[in-house]
Amino acid sequence: MTAPKPLADHLLGLELALQSREVRGSEQKLRELLAPEFREFGRSGLAYTFDDIVTHLVGETGPDNTSISDFSATMLSDTIALATYRGTRINDGGSRLFTNRSSIWRLDPDGKWRMVFHQGTATE
């Protein structure tokens with residue numbers, strides 16, 4: 001079932017926040033958005049745990065150079081949503097990397113949505 005528009009908009013906002021330098025550079029903000037048991041299979045094929053990804057993201061430098069298109073959100077249960085989209089990153093030389101992305105979000109007892117899983121798959 002498609003997520004209600006207000007929830008889809010909220011999840012899109014959370015995905016966009018996770019792409020911002022402000023959030024990526026803050027361990028506290030990442031801990032607010034990622035579940036402690038978070039796992040990721042990155043575009044590179046590498047697997048990351050919560051601690052891996054927090055360490056990696058906080059250490060990143062450089063400009064915000066990513067965007068989201070074709071976003072959709074589907075309810076898997078009353079408290080679990082699947083977000084899918086196409087991500088675009090512009091490299092220093094101006095070339096573009098395209099990635100199909102999916103995230104599983106969970107509504108926790110404190111009323112906040114947290115990402116529990118993310119995957120990026122390289123695409124043309």
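Computed over heavy atoms, backbone and side chain alike; hydrogens, waters and symmetry mates excluded.
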Check your understanding: Is there a donor in the side chain of Arg43 and an acceptor in the side chain of Thr99, or the other way round, less than 3.5 Å apart?
Key -> yes
Point to revise | Flag side-chain contact, heavy atom, 4.5 Å: Val54 against Phe38 | key: no
**Study point:** Test of ring centre spacing under 6.0 Å for Phe41 and Phe117
**Key:** yes
Point to revise | Where Ser102 and Leu82 come nearest, the two heavy atoms and their spacing | key: CB-CD1, 4.1 Å
Check your understanding: Can you tell if the side chain of Met115 reaches within under 4.5 Å of the side chain of Glu40, non-hydrogen atoms only?
Key -> no
Practice item. Mark yes when over 12 heavy atoms from residues, nucleotides or ligands other than Asp78 sit less than 6.0 Å from its CG; otherwise mark no. Key: no
Review point. His118 versus Arg101: any side-chain heavy-atom pair under 4.5 Å?
Key: yes
Point to revise | Rounded distance (nearest 0.5 Å) linking atom CG of Leu97 with atom CD of Glu124 | key: 10.0 Å
Point to revise | pair Ile53-Leu30: side-chain heavy atoms closer than 4.5 Å | key: no
Point to revise | Validation row: Ile68, Leu12 side chains within 4.5 angstrom (heavy atoms) | key: yes
Point to revise | Trp113-Leu76 co-clustered via ILVMFWY side chain contacts under 4.5 Å | key: no
Review point. Partners of Phe98 by ring pair (Phe, Tyr, Trp, His ring centres under 6.0 Å), sequence neighbours excluded?
Key: none
Check your understanding: Do we see a donor-acceptor contact under 3.5 Å between the side chains of Thr66 and Gln19?
Key -> yes
Check your understanding: Does Pro6 offer a backbone N or O that forms a donor-acceptor pair with the side chain of Asp9 under 3.5 Å?
Key -> no
Point to revise | Shortest non-hydrogen contact between Asp108 and Arg114, atoms and distance | key: OD2-NH1, 3.0 Å
Check your understanding: Looking only at heavy atoms, which two atoms of Val23 and Ala17 are closest? And how far apart?
Key -> CB-O, 3.1 Å
Practice item. Spell out, as yes or no, whether a donor-acceptor pair under 3.5 Å connects the side chain of Asn65 to the backbone of Ile90. Key: yes
**Study point:** Heavy-atom check, side chain of Leu7 versus side chain of Met75, under 4.5 Å
**Key:** yes
Check your understanding: Is there a donor in the side chain of Thr84 and an acceptor in the side chain of Ser72, or the other way round, less than 3.5 Å apart?
Key -> yes
Review point. Between Asp110 and Lys112, is there a donor-acceptor pair closer than 3.5 Å when you use the side chain of the first and the backbone of the second?
Key: yes
Exercise for review: With Ser26 as reference, evaluate Lys29, Arg24, Glu22 under the side-chain contact (heavy atoms from CB on, under 4.5 Å) test and give the passing residue.
Suggested key: Lys29
**Study point:** For the student: nearest non-hydrogen atoms of Tyr85 and Ser69, plus distance
**Key:** CB-O, 3.4 Å
Exercise for review: Taking the side chain as every heavy atom from C-beta outward, state whether Glu37 and Val116 have any pair of such atoms under 4.5 Å apart.
Suggested key: yes
Practice item. Would you kindly confirm whether Leu18 and Ile104 end up in one hydrophobic cluster when ILVMFWY residues are joined by side chain heavy atoms under 4.5 Å apart? Key: no
Practice item. Please name the pair of heavy atoms, one in Leu11 and one in Trp105, separated by the smallest distance, quoted to 0.1 Å. Key: CD2-CG, 3.8 Å
Review point. Hey, does Arg39 have a side-chain heavy atom less than 4.5 Å from the side chain of Tyr48?
Key: no
Review point. Can you name the closest pair of heavy atoms from Arg86 and Thr123 and give their distance?
Key: NH1-CG2, 3.6 Å
Revision key, fill the gap. d(Leu34 CG, Leu14 CG) to nearest 0.5 Å is 10.5 Å
